[in-house]
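Scroll down for the structure; my scribbles are underneath it.
For ligands, and for the atoms within them, numbers begin at 1 and follow the listed sequence. Count residues from 1 along the sequence. Only this structure's heavy atoms are used, side chains among them; waters, hydrogens and symmetry mates stay out.
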Amino acid sequence: MRQLFVAGNWKMNLNGRQGIELAEALKAEFGDLEAVRLAVCPPFVYLKAVADALAGSAIGVGAQNMYTESEGAYTGEVAGPMLLDVGCRYVILGHSERRHVLGEGDGVINAKVLRALEFGLKPILCLGERLEQREAGETEDVVSGQLRAALEGVSAAQMAEVTMAYEPVWAIGTGRTATREQAEEVHGILRGLLAGIYSAELAERTIIQYGGSVKPENATDLMAMPNVDGALVGGASLKADAFAGIIRAACAVSK
Ligand code: PGA
């Protein structure tokens, strides 16, 4: 039995007041929710304010990135212990915008996953293929390469803290969602890889979210698939009513 996990990735959106209002609206409706795990991931500068607004609720807070070092002369970077200090529990790593817009490679992502775990942060590890890779029939090779590289050196015990997120790059922010069959197929591949690297039991309990244009209208279909354990939501997590619709869908299909 896997608990569904719905997380909102706000990306570089909302100002402080809007972020706090959104957090307060979510807390009012879902602050005591136990059936589904919830988190929001605001920009660095608003993490503390949002974590304070959500204090005492079941809704966790995550960062969208972190640096590999714990302190030092790294102008512009933010360290894992700083994230913990402002109330973060999660950190999104390997997001396609960091891979493709900001040039992060598998080695950096692996280093960040290891450091996050060392610091006591729970990684939400994103992976997914680009459109041309899907069209060339390379999806399985791409996601398996990303998974193996990102989890190099991560122990079975540490995997209890890791959430995976399958995010086909062609579905992110495009309004073009993977069909539930496409999502289920890749989620099954990822779970099979985890079974091979670790164990069937570990694969069975690892949460694998889907991300890419998830909306209230398609959330039920996607999350009802046996291997889709929730959603990592970008655009639709910026409005309380849309995000609430996705959370309600997760509650309704809770497995
Ligand atoms: P989207 O973003 O829901 O806006 O497609 C998802 C993500 O990038 O995590």
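Using a 3.5 Å distance cut-off with no hydrogens or angles, the side chains of Glu161 and Tyr90 do not pair a donor with an acceptor. No side-chain N or O of Gln64 forms a donor-acceptor pair with one of His95 less than 3.5 Å apart. A donor-acceptor pair shorter than 3.5 Å can be found between the side chains of Glu129 and Trp170.
Transitive grouping of hydrophobic side chains (ILVMFWY, heavy atoms separated by less than 4.5 Å) brings Val78 and Val45 into a common cluster.
With sequence neighbours left out, the side chain to side chain donor-acceptor pair (under 3.5 Å) criterion links Glu138 to no other residue.
Within 4.0 Å of ligand 1, protein heavy atoms come from Asn9, Lys11, His95, Glu167, Ala171, Ile172, Gly173, Gly212, Ser213, Leu232, Val233, Gly234, Gly235.
Aromatic ring pairs are classed by plane angle as parallel below 30°, tilted from 30° to 60° and perpendicular above 60°; the pair Tyr74 and Tyr67 is tilted.
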